[in-house]
Amino acid sequence: MNKEEIEYIIKKYQSLSSRYYKRNNEGKAALYDRIAEQLEYDIDNYIGNDNFTSEEEIIEDIRNLFDTVDNFYDEEDYDNMDMLD
């Protein structure tokens with residue numbers, strides 16, 4: 001995908017976030033905003049990358065990244081982090 005196509009996806013997910021926020025669905029709004037921010041941050045990884053030829057493939061990759069990051073720490077790790085304050 002080219003830069004313009006990916007920028008369109010970013011804007012689409014920002015728009016979706018706004019719509020869900022207005023409907024008081026903060027969970028979905030936050031997810032769409034997070035996707036847009038991550039895609040904007042990593043845009044260079046997707047431009048011209050033959051592994052990602054559709055919006056669905058890019059979004060699936062980002063959600064897999066979220067799953068990996070979100071499951072990296074367990075409850076004990078978070079408890080120990082509080083001890084660092």
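Worth knowing before you read on, the calculation uses all heavy atoms, side chains too, and leaves out hydrogens, waters and symmetry mates. These numbers come from a predicted model, not from an experiment.
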Expected output: side-chain [X] to main-chain [Y] donor-acceptor under 3.5 Å:
X	Y	result
Thr68	Asn64	yes
Glu57	Thr53	yes
Asn49	Asn45	yes

Student check: side-chain heavy atoms of [X] and [Y] closer than 4.5 Å:
X	Y	value
Phe66	Arg34	yes
Ile59	Ile9	yes
Asn2	Glu5	yes

Report, one line per pair, each donor and acceptor closer than 3.5 Å where one atom sits in a side chain of residues 22-33; sequence neighbours left out.
| residue | atom | partner | partner atom | Å |
| --- | --- | --- | --- | --- |
| Asn25 | OD1 | Lys28 | N | 3.3 |

[atom2] on [Y] to [atom1] on [X], rounded to 0.5 Å:
X	Y	atom1	atom2	value
Leu39	Leu65	CG	CG	11.5 Å
Tyr13	Gln38	OH	CD	14.0 Å
Ile58	Ile35	CD1	CD1	11.5 Å

Notebook entry, point to check: Please walk me through it: do Tyr46 and Asp61 pass side-chain hydrogen bond (donor to acceptor under 3.5 Å, both in side chains)?
Noted result: CA-CA 10 Å; Tyr46 297 102; Asp61 185 61; 2.6 Å; yes
Margin query: Tell me whether the count of non-hydrogen atoms from other residues, nucleotides or ligands lying under 6.0 Å of OH in Tyr21 goes above 12.
Written below: no
Notebook entry, point to check: Any chance the side chains of Ser18 and Gln14 put a donor and an acceptor closer than 3.5 Å?
Noted result: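 No.
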Margin query: Assess the residue pair Ile6 and Glu40 against the criterion (side chain to side chain contact (heavy atoms under 4.5 Å, CB included)); give the C-alpha distance rounded to whole Å, side-chain angles, the decisive distance to 0.1 Å, and a yes or no.
Written below: CA-CA 8 Å; Ile6 295 172; Glu40 191 170 33; over 6 Å; no
